[in-house]
Amino acid sequence: MSLPTQPEVSLRELFLAFLRIAVAGIGGVLPHAQHQLVVRTGWLTQREFADYLSAGQLLPGPNIVNVAIMVGARYRGLAGSLCAVTGMMLVPFVFVLLLAAFYRSFGEEPYVREVFNGISAGAAGLMFATGVKLALSQPRVAWVLILIAAAFVLVGPLRLPLIAVLAALAPIAIAVAAWAARRGRVS
Amino acid sequence: MNPSWSALWAFAAQLSMLSMVSIGGANVVLPEVHRYVVIGQHWMTDAQFGSLVALAQASPGPNVLVIAVLGFQLGGVAAAALTMLAFVTPTSILTYALTQSGAGDRHADWVAILKRALAPLTAGLVLANGYVLTGASGAGKFAYPIAALAAIVALTTRLNPVWVILGCGVLGAVVL
């Protein structure tokens with residue numbers, strides 16, 4: 001996917017760009033990734049960024065890690081991917097382990113424990129809110145709503161194994177999406 | 001209770017498998033990771049699991065670091081590196097290989113259909129994750145009210161999520 005107008009990007013620049021994205025990314029990495037890759041460096045057009053992001057979301061694995069791999073590979077092949085991913089993971093990895101070490105030392109103290117229990121309920125609520133936002137962004141057609149509800153009920157309240165649920169639902173989802181696309185009822 | 005290294009390698013193998021179905025990010029596999037480390041192996045309590053997940057969510061960087069945090073709790077820095085690499089490597093290889101092959105460009109209409117098909121499943125799985133984590137939060141009978149409050153604030157205001165999480169921590173100290 002090489003383009004004639006592609007800028008020269010060094011491994012060091014890839015590492016630093018993703019390091020900046022990671023360090024800025026409190027409460028979500030994606031807005032910073034867009035700023036860094038589209039606005040600040042000009043490595044990607046807005047359209048290319050959107051394409052990379054949607055590919056990163058479609059593929060299994062952490063979305064932003066997939067984006068780092070694709071951007072790194074585009075400019076510097078395998079070494080570029082490794083530099084981009086390392087740049088993005090290094091500082092947050094160290095930071096989050098410091099927090100984890102704090103938790104391991106003090107997490108069972110009175111008050112600290114209650115604060116953490118409140119925090120974890122709140123974080124769970126935020127996760128649910130993210131799910132609501134994702135669900136609301138979907139087209140309002142019956143098969144989409146049924147799939148959302150089925151995935152939620154089977155893995156949430158019923159606690160069936162994720163791999164079994166996906167093995168059952170993903171082929172159904174793909175078949176119905178293909179059928180809807182053929183009938184021109186995609187959205 | 002700290003697991004042995006052979007148990008950690010078995011956990012890492014399970015993480016590698018789960019990573020391949022983590023459509024929409026690391027969070028969708030957390031109910032399964034909870035089943036393994038809390039229900040199956042009793043390596044940590046519900047409250048510890050919930051706290052570590054929240055801690056990863058509140059700190060900067062990609063969500064996937066939750067896997068490193070859980071690994072750290074089980075066996076320190078080396079275990080954190082092991083679980084993290086186990087989770088990230090298989091999908092990274094897949095992404096790299098697919099990028100190099102240009103398969104996405106050649107099958108654009110199938111890519112569009114896959115997106116249509118998987119997006120509702122991702123939404124449902126993220127909702128399921130929120131549900132399971134609420135039950136596992138260690139906040140007892142206050143778990144659902146606190147989670148509901150956080151969700152409503154997140155959906156109706158533009159407040160930075162970090163403040164919502166910290167607010168819930170203060171609430172926890174008061175009511176729990």
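Everything numeric here is computed off the predicted structure, so don't read it as measured data. All chains are named by letter (A, B, ...) in the order of the sequence lines, taking the proteins before the strands, and each is independently numbered beginning at 1.
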Where on [X] is there a heavy atom nearer than 4.5 Å to chain B: the side chain, the backbone, both, or neither?
X: A/V65; result: side chain
X: A/Q138; result: side chain
X: A/L169; result: both
X: A/A101; result: both
X: A/F95; result: side chain
X: A/L147; result: both
X: A/L160; result: backbone
X: A/P157; result: both

Mind checking whether [X] and [Y] have side chains closer than 4.5 Å, heavy atoms only?
X: B/K115; Y: A/Q57; result: no
X: A/V153; Y: B/Y131; result: no
X: A/T130; Y: B/N27; result: no
X: A/F116; Y: B/L55; result: yes

- Which of residues 76-85 of chain A get closer than 4.5 angstrom to chain B, counting heavy atoms alone?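 So far as heavy atoms go, A/G77, A/L78, A/S81 are the residues that approach chain B to under 4.5 Å.
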
Is chain A contacted by the side chain of [X], its backbone, both, or neither, given a heavy-atom distance below 4.5 Å?
X: B/V175; value: neither
X: B/Q100; value: side chain
X: B/V88; value: side chain
X: B/L121; value: both
X: B/I39; value: side chain
X: B/L171; value: neither
X: B/A148; value: neither

Name the member of [options] that forms the most heavy-atom pairs with chain B at distances under 4.5 Å.
options: A/L134, A/D51, A/L162; answer: A/L162
options: A/A121, A/S137, A/A150; answer: A/A121
options: A/A170, A/S120, A/A123; answer: A/S120

- Which residues satisfy the ring pair (Phe, Tyr, Trp, His ring centres under 6.0 Å) test with A/Y111, sequence neighbours excluded?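 Scan of A/Y111 (ring pair (Phe, Tyr, Trp, His ring centres under 6.0 Å), adjacent residues dropped) gives none.
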
- Query: Counting only heavy atoms not in A/R140, do more than 12 fall under 6.0 Å of its CZ?
  - Reply: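 For A/R140, atom CZ is not crowded (no more than 12 foreign heavy atoms under 6.0 Å).
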
- Message: Are more than 12 heavy atoms, taken from residues, nucleotides or ligands other than A/F106, located less than 6.0 Å from that residue's CZ atom?
- Response: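 No, because the 6.0 Å sphere around CZ of A/F106 holds 12 heavy atoms or fewer from other groups.
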
Would you say [X]'s side chain and [Y]'s backbone share a donor-acceptor pair under 3.5 angstrom?
X: B/S19; Y: A/G61; answer: no
X: A/R113; Y: B/A47; answer: no
X: A/R159; Y: B/P31; answer: yes

- Message: Tell me which one of B/T91, B/V29, B/L118 satisfies side chain to side chain contact (heavy atoms under 4.5 Å, CB included) with A/P60.
- Response: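 Exactly one option meets the side chain to side chain contact (heavy atoms under 4.5 Å, CB included) with A/P60, and it is B/T91.
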
- Message: If you count heavy-atom pairs within less than 4.5 Å of chain A, which of B/P62, B/A150, B/A26 leads?
- Response: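 Counting heavy-atom pairs under 4.5 Å, the top option is B/P62.
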
- Task: Sequence neighbours left out, what passes salt bridge (charged side-chain N to carboxylate O under 4.0 Å, His left out) with B/R35? Give chain and number order.
- Result: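 Here the qualifying residues are B/E32.
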
- Residues clustered with B/L94, ILVMFWY side-chain links under 4.5 angstrom: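 Once heavy-atom contacts under 4.5 Å are chained together, B/L94 belongs with A/L59, B/M20, B/L98.
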
- Task: For residues B/A123 and A/I148, report the shortest heavy-atom separation together with the two atoms involved.
- Result: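 Shortest heavy-atom separation between B/A123 and A/I148 comes out as CB-CG1, 4.3 Å.
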
